[in-house]
Amino acid sequence: MATDAPLIFDNRRRMAVRARAVARGIAQSFLYQHMADELAERLAYVSRDFKNVVLMGPIAAFADQVLDGRTAEVTANVMLDEEVLPYSPASFDLILSAGTLDSVNDLPGALVQIRRVLKPDGLFLGTAFGAGSLHALKAAMLAADGDQVQPHIHPQIDLRAISDLMTRTGFALPVTDIDKLNVRYADWRRLVSDLRDAGASNAMNGPRRFNRSVSPALDTAWQTAADPDGRVAESFHFLQLSGWAPAPTQPKPAARGSGTVSLASVLKKSG
């Protein structure tokens with residue numbers, strides 16, 4: 001798919017860190033377990049049946065948990081490239097994605113493709129790491145870099161931006177929300193290991209810039225930020241996405257700002 005999007009991410013590196021996460025046992029990642037729990041909870045609100053389902057990316061390892069016994073023809077593709085979907089238009093009535101859309105170069109293009117491969121009135125549920133994640137690690141790395149600041153953590157999308165994108169890319173009845181998970185770490189190395197387990201480590205374009213010689217400075221920065229128990233509170237922010245492929249039978253949304261509708265009530269829409 002042709003795109004003028006800037007190449008922030010190296011796609012080969014994205015796939016390499018994902019493959020490493022799978023080899024490390026991504027089904028044991030507590031970050032992916034959290035995302036799987038959220039998807040399963042949101043899907044539980046949907047009373048309709050789904051015949052053709054695709055799980056995009058490492059969330060495929062949690063297919064049984066997320067689908068919870070629903071009868072469907074399931075396509076699970078751990079190493080899927082979200083920017084070049086290998087599916088025909090209107091192929092699925094449910095698409096699930098977690099933990100990868102925050103690191104695609106052309107997010108609008110990826111969302112458009114997801115909508116196109118949904119059948120009319122098909123449902124997309126997604127989860128992505130959002131702005132505000134890893135604030136403690138960013139601060140520690142910034143302090144450790146001193147005068148030689150380097151980009152160790154890729155730019156993150158915020159809730160308002162992803163909300164606008166869901167509308168602009170043609171989803172009907174889009175709903176976006178955010179949930180946060182706080183974890184306390186005694187050592188930044190454990191945090192980095194957890195990111196590797198989730199395939200969420202640095203996949204930015206360009207040369208590797210982390211120099212192990214800064215590790216002592218990073219240790220110092222981490223210890224400086226620690227609480228009396230010797231731990232630093234880190235945050236993971238998860239953008240929760242829901243949208244339907246347009247269909248003539250769908251209700252029309254109210255004017256923006258005219259009322260409040262819960263995610264649960266939208267997902268309860270019958271087929």
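This chain uses plain numbering: 1 for the first residue, then up along the sequence. Everything numeric in this text was worked out from a predicted model, so none of it was measured.
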Novice: Indicate yes or no: at least one non-hydrogen side-chain atom of Asp177 is less than 4.5 angstrom from one of Arg42.
Specialist: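 Asp177 vs Arg42: side chains apart.
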
Novice: When rounded to the nearest 0.5 angstrom, what distance separates CG in Leu241 from CD1 in Ile178?
Specialist: 10.5 Å

Novice: With sequence neighbours left out, what residues match Asn52 under side-chain hydrogen bond (donor to acceptor under 3.5 Å, both in side chains)?
Specialist: Lys119

Novice: Do you know which two heavy atoms are closest between Ala143 and Ala221, and how far apart they sit?
Specialist: CB-CB, 4.0 Å

Novice: Restricting to pairs with a member in residues 157-182, which pass ring pair (Phe, Tyr, Trp, His ring centres under 6.0 Å), not counting sequence neighbours?
Specialist: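 Listed once each, the pairs are Phe124-Phe171.
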
Novice: Ion pair present between Asp121 and Arg48, side-chain N to carboxylate O less than 4.0 angstrom?
Specialist: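 A salt bridge links Asp121 with Arg48.
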
Novice: Quick one: CG on Leu218 to CE on Met141, what's the gap to the nearest 0.5 Å?
Specialist: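 Here the rounded value is 6.0 Å.
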
Novice: Counting N and O atoms only, with roles assigned by atom type, does the side chain of Glu234 sit under 3.5 Å from a partner on the main chain of His135, one being a donor and the other an acceptor?
Specialist: yes

Novice: Same cluster for Phe62 and Met79 if Ile/Leu/Val/Met/Phe/Trp/Tyr side chains link at under 4.5 Å?
Specialist: no

Novice: Which heavy atom of Leu85 sits nearest to which heavy atom of Ile114, and what is that distance?
Specialist: CD1-N, 3.8 Å

Novice: Between Asp197 and Gln28, is any side-chain donor less than 3.5 angstrom from a side-chain acceptor?
Specialist: no

Novice: Look at the side-chain heavy atoms of Ile, Leu, Val, Met, Phe, Trp and Tyr, link any pair under 4.5 Å apart, and say whether Val192 and Phe236 land in one connected group.
Specialist: yes

Novice: Do you know the tightest heavy-atom contact between Leu107 and Leu165?
Specialist: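 Taking every non-hydrogen atom into account, CD2-CD1, 3.7 Å.
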
Novice: Are any of the side-chain heavy atoms of Arg14 and Val104 separated by less than 4.5 Å?
Specialist: yes

Novice: Have Ser97 and Glu82 got a donor and an acceptor in their side chains that come within less than 3.5 Å?
Specialist: no

Novice: Working note: Arg24 + Ser193, criterion side-chain contact (heavy atoms from CB on, under 4.5 Å); need CA distance, chi angles, decisive distance, verdict.
Specialist: CA-CA 10 Å; Arg24 288 165 68 103; Ser193 179; 3.0 Å; yes

Novice: Are Arg160 and Asp164 ion-paired here, with the side-chain N under 4.0 Å from a carboxylate O?
Specialist: no

Novice: Check ring pair (Phe, Tyr, Trp, His ring centres under 6.0 Å) between Phe238 and all other residues, then give those that pass, not counting sequence neighbours.
Specialist: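 Only His34, Phe129 meet the ring pair (Phe, Tyr, Trp, His ring centres under 6.0 Å) criterion with Phe238.
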
Novice: Does Asp194 form a side-chain contact (heavy atoms from CB on, under 4.5 Å) with Arg190? I'd like the steps, not just the answer.
Specialist: CA-CA 6 Å; Asp194 285 343; Arg190 176 58 185 274; 3.5 Å; yes

Novice: Would you say NZ of Lys180 has more than 12 non-hydrogen atoms from neighbouring residues, nucleotides or ligands within 6.0 angstrom?
Specialist: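 Not buried by this count: 12 neighbours or fewer within 6.0 Å.
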
Novice: How long is the span from the OG atom in Ser201 to the CD1 atom in Ile153, to the nearest 0.5 Å?
Specialist: 11.0 Å

Novice: If only atom types and distance count, is the side chain of Glu83 paired as donor or acceptor with the main-chain N or O of Asn105 below 3.5 Å?
Specialist: yes

Novice: Hey, does Leu94 have a side-chain heavy atom less than 4.5 Å from the side chain of Leu43?
Specialist: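 Yes. Closest side-chain heavy atoms under 4.5 Å.
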
Novice: Measure across Arg196 and Ala21 and return the closest heavy-atom pair with its distance rounded to 0.1 Å.
Specialist: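 For Arg196 and Ala21, the tightest heavy-atom pair comes out as O-CB, 3.4 Å.
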
Novice: According to ring pair (Phe, Tyr, Trp, His ring centres under 6.0 Å), who are the partners of Tyr185, at least two apart in sequence or on a separate chain?
Specialist: none

Novice: Between Leu111 and Ile157, is there shared hydrophobic-cluster membership here, with clusters defined by ILVMFWY side-chain heavy atoms closer than 4.5 Å?
Specialist: yes

Novice: Looking only at the side chains, is there a donor atom on one of Ser103 and Arg18 sitting less than 3.5 Å from an acceptor on the other?
Specialist: no

Novice: Can you check whether Pro155 reaches Met204 side chain to side chain, under 4.5 Å on heavy atoms?
Specialist: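 Side chain of Pro155 against side chain of Met204, heavy atoms only: contact under 4.5 Å found.
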
Novice: Could you work out, with side chain to side chain contact (heavy atoms under 4.5 Å, CB included) as the rule, every residue matching Asp49, not counting sequence neighbours?
Specialist: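 So Asp49 forms no side chain to side chain contact (heavy atoms under 4.5 Å, CB included) with any residue.
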
Novice: Is the shortest side-chain heavy-atom distance between Leu239 and Leu101 below 4.5 Å?
Specialist: no

Novice: Any luck finding a side-chain donor-acceptor pair between Asp102 and Gln156 under 3.5 Å?
Specialist: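 No donor-acceptor contact under 3.5 Å links the two side chains.
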
Novice: Are side-chain heavy atoms of Leu195 and Leu134 found at a separation under 4.5 Å?
Specialist: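 Sidechains of Leu134 and Leu195: in contact.
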
Novice: For side-chain contact (heavy atoms from CB on, under 4.5 Å), just list the numbers for Tyr87 and Gln113, CA-CA rounded to whole Å, side-chain angles, deciding distance to a tenth of an Å, and then say yes or no.
Specialist: CA-CA 9 Å; Tyr87 308 121; Gln113 289 190 67; over 6 Å; no

Novice: Measure the OH-CG distance between Tyr32 and Asp37 for me, rounded to the nearest 0.5 Å.
Specialist: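 It is 14.0 Å, given to the nearest 0.5 Å.
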
Novice: Any idea which heavy atoms bring Asp229 and Arg184 closest together, and the distance?
Specialist: OD2-NH2, 3.4 Å

Novice: Can you tell me how far CG of Asp187 sits from CD of Gln223, rounded to the nearest 0.5 angstrom?
Specialist: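 Output value for this atom pair is 8.5 Å.
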
Novice: Applying the 4.5 Å side-chain criterion to the ILVMFWY set and letting contacts propagate, would Val183 and Ile26 be lumped into a single cluster?
Specialist: yes

Novice: Would Leu39 end up clustered with Val78 when hydrophobic side chains under 4.5 Å apart are linked, directly or stepwise?
Specialist: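 No: no chain of side-chain contacts under 4.5 Å links Leu39 to Val78.
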
Novice: Check whether any side-chain heavy atom of Leu96 lies under 4.5 Å from a side-chain heavy atom of Leu67, and answer yes or no.
Specialist: yes

Novice: Any carboxylate oxygen within less than 4.0 angstrom of a Lys/Arg side-chain nitrogen, looking at Asp219 and Arg189?
Specialist: yes

Novice: So, for Thr100 and Pro58, which heavy atoms are closest and what is the spacing to 0.1 Å?
Specialist: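 Result for this residue pair: CG2-CD, 3.8 Å.
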
Novice: Under the rule for salt bridge (Lys or Arg N to Asp or Glu O under 4.0 Å), what residues qualify as partners of Asp93, not counting sequence neighbours?
Specialist: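 Per chain and number, Asp93 pairs via salt bridge (Lys or Arg N to Asp or Glu O under 4.0 Å) with no residue.
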
Novice: Counting only heavy atoms not in Asp64, do more than 12 sit closer than 6.0 Å to its CG atom?
Specialist: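 Open: at most 12 neighbouring heavy atoms sit under 6.0 Å from CG of Asp64.
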
Novice: Please round to the nearest 0.5 Å and tell me the distance separating atom CD of Gln250 and atom CH2 of Trp244.
Specialist: 8.0 Å

Novice: Do Arg115 and Pro246 make a side-chain contact, defined as non-hydrogen atoms from C-beta onward lying under 4.5 Å apart?
Specialist: yes

Novice: Checking the side chain of Ser133 only, and the main-chain atoms of His237 only, is there a donor and an acceptor separated by less than 3.5 Å?
Specialist: yes

